Student: 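My structure is below; once you've seen it, I'll send some questions.
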Amino acid sequence: MLLVACAGAWACFARAAAPASKEELAQAAARAPRRALSPAAVVLVGAGDIASCPSTGAEATATLLDQIPGTVITIGDNAYPNGATADFARCYDLSWGRQKTRTRPVPGDHDYGTPDAAGYFDYFGAAAGERGKGYYSYDLGAWHIVALNSVIPNGPGSLEVRWLEADLAASPKRCTLAYFHHPRFFSSIATSPGGGVNDFERAVWGALYAAGADIVLNGDQHQYERFAPQAPDGQLDTSRGIREFIVGTGGASVAAPTSIRANSEVRNGDTFGVLKLTLGADRYAWDFIPVAGRTFHDAGRGRCHDRGDPRGDGEPGKPHATILTDPTRVLSEPAVAKPAYLAPIFPAPFDLAVTRIADDSGSVVSFHAGGVGTWGSDARHHYSNDQPWSADGTLLALQNSGSPDYVYLDGETYKPVRGRCANYDYYDDRWHPRRAHAHERINVNRTTRLSWFDVVACTETRHWTLPFPVIGIGGNPSDDGRFVALSDGRRFVVVDMDPHPPFAPYPNRRIGPPVDMTWDCGLSAGCPANWVSISPSGTYVVVNYHGDHLRVYDLNPGTLAATPRPMATVSPRCSGTAAEGFIYDLGHQDMTLDPFDHGEDVIIGQEHCGNRGKRVEGVLMGGVVMVRLRDGAITSVTNPTNEAYPYHISTRNYDRPGWAYVSYWTAPGRRFNDEIVSVKLDGSGTVERYAHIHTETSGCYRCEAHAVPTRDGRRVLWASNWMTNGGGTGAKSVIQAYVVDAR
């Protein structure tokens, strides 16, 4: 049975399970193979800043390489301290040397601590390229790989750059990756003007950018860092920019940057590890794998740039378009006919691919894993703060008013893969956010059971008995999948689902004491709660009371007890008190970690204190506002001038932090009218604009768009009945899922 109405705020988050049919029991026995990125996919794995004898880090990362097939690369500073023959023998050979026969190296400045890098060239031999040059190229699957030497002269007109330009011009491959030791852009501990830019690599970047290169890998900085695609001048360029990774985490040492470079998306300075790249025919996936005992992780996907081929997928069609980024332009919404099932259209003015991923009501669903079902008239995702794609991106979960009531699609092709397992007693569930548990759903039933359930293997993997029945998962687990906060509307409790040392691991069950959140809230209208959620870092619990009044609790990580967090008395709010943990009121919120503020927990939502267009504590308040949970400080992330009214906000873009995705109400003549927009959280007003929503929502909760991005933020899923400017092709009672693709 599909939830079609909301009897109170909690009901909007949860659904009742239908009895299993014989058909569902039969299909539950089927097992789908895990979908590969591409039939031609190959693996490239490595890091830089590797072997220092005083550190055990190189052995720890070498142990990771032992378990990962493919081509191994080194990104410079291979053997400390000076790249001498003895350094390679004592420090490198005993760890990464185990992979020597499949290694394609480049040198770093420490390797040149020995004159002419003689130790480096002696150790690697022909694999290092021509002695004295150390740059070369090779093809790997569908990719052209360029290994460069950033220690020798590589400025404009240099022998190396002239070779690079000729090599790139001669390559027929669509996808190109380059690796060399010194990064052009980086976050650092330096604060001097111009920090974070290395002009010695400008000519190399210029040649790579002109040839349409996709990825650059660097070391030197002893950290992991991922940048958004950039032009050689450091400007964001989502159309043709190069995505730079710094992987100086091979084992020598690590340090956290404090001065953050523009367009830096993810950083870590306390974890050794390697970067695994899975390279497909026209796309790639990245996966930073930490050494044993560490939890930091980064993963995502991207597409190769267009090289004159249409649409970037090797098929005839409309050329790939640049994302609109002008925040001031008012866009007219043209009448556009509803797209046919799985037939992309490219509606103006965005010119991005829009695909309907739910078929017509009554149509047969044929599952790749076996069995059949029927599409209903309501086939869409759950909610804007519920990530519909699994952590590895291979499955996408849709609710369906037909049969079965859950349909899992292929995360790339959107073709149906499987239905709900017959033995899955679900009520309200979320994908586990970690790739290690990619096909598991975190679920509460209608009694006192919390569980993890693998929807591919049809197996419950973990479970807990709660101290009282709960009424749903109000938000999300912590970003590492460890903590979750659950409530019965009066009390909440925190569960540590994956205990770390010094606590014994699961099946040790750590459940905190119940916290009564209604007796002391002090609100004049009383204290009924809409939802409760743990914060992304697991540091706080947030309670949303009716009226969108927000209250923050501190979580004791040892006891899992929670107490109201006193806020700064100067922080703005319009309900509750600072002493009791209340912050600024926001509607339709989601939480994330702010990369522009040292990873602070923040909540982003509609401005709900009635101050749009006014100044609060010197801040001009737009429709979308961010509040820091630690102290209640506010940032307006949109400008109120001629802004349409924002509706739902989503920050489920785990792998593209620093952006919030907003679906806007229909408001002809205003900015963002009936649009899906992403806004940057740095307060700059930077936006990306994706699609018109085309849904008419009056009196229909399930007709609301609830736009939510993929983990990498390059696609957005939303629900629509296609009744707004749809040319008469929509129907109020037919609600279906759509995806806009900005890759």
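Please read these numbers as outputs of a predicted model, since none were measured by experiment.
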Student: Indicate yes or no for a side-chain donor-acceptor contact from Ser171 to the backbone of Lys173 under 3.5 Å, with no hydrogens or angles considered.
Tutor: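 Yes.
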Student: So with a 6.0 Å cut-off around NE2 of His500, is the heavy-atom count from everything else above 12?
Tutor: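 Yes.
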Student: Looking just at side-chain N and O atoms, do Trp659 and Thr686 make a donor-acceptor pair shorter than 3.5 Å?
Tutor: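 No - no donor-acceptor pair under 3.5 Å links their side chains.
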Student: For Gly57, is there any backbone N or O sitting under 3.5 Å from a side-chain donor or acceptor partner on Thr61?
Tutor: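 Checked: pair present.
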Student: Are Tyr92 and Phe124 an aromatic pair by the rule of ring centers under 6.0 Å?
Tutor: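 So the answer is yes for these two rings.
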Student: Verify the neighbour count for atom CZ of Phe200: are there more than 12 heavy atoms of other residues, nucleotides or ligands below 6.0 Å?
Tutor: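 For Phe200, atom CZ is not crowded (no more than 12 foreign heavy atoms under 6.0 Å).
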Student: Using modelled atom types only, decide if a donor and an acceptor are shared between the side chain of Asp116 and the backbone of Ala118 within a distance under 3.5 Å.
Tutor: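 No, because the side chain of Asp116 does not come within donor-acceptor range (under 3.5 Å) of the backbone of Ala118.
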Student: Write down the atom of Pro232, the atom of Gly206, and the distance for their closest heavy-atom approach.
Tutor: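 In this case the closest contact between Pro232 and Gly206 is CG-CA, 4.1 Å.
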Student: For His305, is there any backbone N or O sitting under 3.5 Å from a side-chain donor or acceptor partner on Arg174?
Tutor: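 At least one qualifying donor-acceptor pair exists.
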Student: Return yes when atom CG of Asp233 has more than 12 non-hydrogen atoms of other residues, nucleotides or ligands closer than 6.0 Å, and no otherwise.
Tutor: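 Result for CG/Asp233: enclosed.
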Student: When rounded to the nearest 0.5 angstrom, what is the spacing between CD1 in Ile145 and CG in Leu279?
Tutor: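 If we round to the nearest 0.5 Å, Ile145:CD1 and Leu279:CG are 5.5 Å apart.
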Student: Among Gln230, Gln235, Arg226, exactly one meets side-chain contact (heavy atoms from CB on, under 4.5 Å) together with Asn263. Which residue is that?
Tutor: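 Output: one option passes, namely Gln230.
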Student: Take Arg656 and Glu265 through the test salt bridge (charged side-chain N to carboxylate O under 4.0 Å, His left out) and record every step on the way to the result.
Tutor: CA-CA 6 Å; Arg656 194 199 185 204; Glu265 293 187 319; 3.7 Å; yes
Student: Which heavy atom in Gly219 sits nearest to a heavy atom in Pro183, and how many Å separate them?
Tutor: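 Heavy atoms of Gly219 and Pro183 come nearest at O-CD, 3.4 Å.
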Student: Answer yes when Asp199 and Arg184 have at least one side-chain N-carboxylate O distance shorter than 4.0 Å, and no when they do not.
Tutor: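 Salt bridge present between Asp199 and Arg184.
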Student: Report yes or no: does Trp389 contribute a side-chain atom to a donor-acceptor pair with the main-chain N or O of Arg711 at less than 3.5 Å?
Tutor: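 No, because the side chain of Trp389 does not come within donor-acceptor range (under 3.5 Å) of the backbone of Arg711.
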Student: Do Phe185 and Glu225 have side chains that approach each other closer than 4.5 Å (heavy atoms only, starting at C-beta)?
Tutor: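 No, too far: nothing below the 4.5 Å cut-off.
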Student: Are the side chain of Arg267 and the backbone of Pro595 linked by a donor-acceptor contact shorter than 3.5 Å?
Tutor: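 Yes.
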Student: Looking at every non-hydrogen atom in both residues, tell me the closest pair between Pro257 and Ile189 and how far apart they are.
Tutor: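 Heavy atoms of Pro257 and Ile189 come nearest at CA-CG2, 4.3 Å.
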Student: Should Arg303 and Asp282 be marked as a salt bridge (charged side-chain N to carboxylate O under 4.0 Å, His left out) after you check the CA-CA gap, both sets of side-chain angles, and the distance that decides it?
Tutor: CA-CA 6 Å; Arg303 275 186 183 268; Asp282 62 353; 3.3 Å; yes
Student: Check Trp431 against Pro388 and note the closest heavy-atom contact, atom names and distance.
Tutor: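 In terms of heavy atoms, the two residues are closest at NE1-O, 2.8 Å.
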Student: Does some side-chain heavy atom of Val291 sit less than 4.5 Å from a side-chain heavy atom of Leu64?
Tutor: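 Yes, at least one pair of side-chain atoms sits under 4.5 Å.
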Student: Would you confirm whether His432, through its side chain, and Glu440, through its main-chain N or O, come within 3.5 Å as a donor-acceptor pair?
Tutor: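 No: the side chain of His432 does not pair with the backbone of Glu440.
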Student: Minimum heavy-atom separation for Pro433 and Asp480, please, with both atom names.
Tutor: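 Taking every non-hydrogen atom into account, CG-C, 4.3 Å.
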Student: Can you see which heavy atom on Val151 is nearest to which on Asp109, and at what distance?
Tutor: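 Heavy atoms only, the tightest pair is CG2-N, 3.6 Å.
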Student: Can you confirm whether the side chains of Asp87 and Tyr123 place a donor and an acceptor under 3.5 Å from each other?
Tutor: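 Asp87 vs Tyr123: no donor-acceptor pair found between side chains.
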Student: Between Asp66 and Arg98, is the closest basic N to carboxylate O distance under 4.0 Å?
Tutor: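 The answer is yes: the pair qualifies as a salt bridge.
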Student: Would you kindly say whether His110 and Asp49 are connected by a side-chain donor-acceptor distance under 3.5 Å?
Tutor: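 Judged by distance alone, the side chains do not pair up.
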Student: Check this for me: does any side-chain nitrogen of one of Asp655 and Arg714 sit under 4.0 Å from a carboxylate oxygen of the other?
Tutor: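 Answer for the salt bridge query: no.
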Student: Report yes or no: does Glu59 contribute a side-chain atom to a donor-acceptor pair with the main-chain N or O of Trp96 at less than 3.5 Å?
Tutor: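 No, because the side chain of Glu59 does not come within donor-acceptor range (under 3.5 Å) of the backbone of Trp96.
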Student: Can you measure from OH (Tyr136) to CG (Leu148) and round to the nearest 0.5 angstrom?
Tutor: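 Atom-to-atom, Tyr136:OH and Leu148:CG are 9.5 Å apart.
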Student: With under 30° as parallel and over 60° as perpendicular, where do the rings of Tyr120 and Phe88 fit, or are they tilted in between?
Tutor: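 Correct class here is tilted.
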Student: Just how far is it from atom OG of Ser150 to atom OH of Tyr135, taken to the nearest 0.5 Å?
Tutor: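 Rounded to the nearest 0.5 Å, the OG-OH separation comes to 13.5 Å.
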Student: Indicate yes or no for a side-chain donor-acceptor contact from Arg162 to the backbone of Gly157 under 3.5 Å, with no hydrogens or angles considered.
Tutor: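 It does hold such a pair.
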Student: I'd like to know if the side chain of His297 pairs up with that of Asp287 as donor and acceptor (distance under 3.5 Å, no hydrogens or angles considered).
Tutor: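 There is such a pair (donor and acceptor under 3.5 Å, judged by atom type) between the side chains of His297 and Asp287.
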Student: Test your reading of the model: is there a side-chain donor-acceptor pair from Thr249 to the backbone of Gly273, 3.5 Å cut-off?
Tutor: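 Yes, Thr249 side chain to Gly273 backbone: donor-acceptor pair under 3.5 Å.
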Student: Any donor-acceptor pair under 3.5 Å linking the side-chain atoms of Thr271 with those of Tyr224?
Tutor: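 Absent: no donor and acceptor within the cut-off.
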Student: Using the side chain to side chain donor-acceptor pair (under 3.5 Å) definition, which of the options Asp214, Thr176, Asp167 pairs with His144?
Tutor: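 The passing option is Asp167.
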Student: Examine Phe245 together with Phe288 and report whether their ring centres are nearer than 6.0 Å.
Tutor: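 Aromatic pair excluded; centres sit 6.0 Å or further apart.
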Student: Please say whether the positively charged group of Arg240, taken as NZ for Lys or CZ for Arg, lies over the ring of Tyr209, i.e. under 6.0 angstrom from the six-membered ring centre and within 45 degrees of the axis.
Tutor: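 Yes, a cation-pi geometry holds between Arg240 and Tyr209.
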Student: Leu217 and Trp286: side-chain contact (heavy atoms from CB on, under 4.5 Å), yes or no, with the steps?
Tutor: CA-CA 12 Å; Leu217 307 179; Trp286 69 85; over 6 Å; no
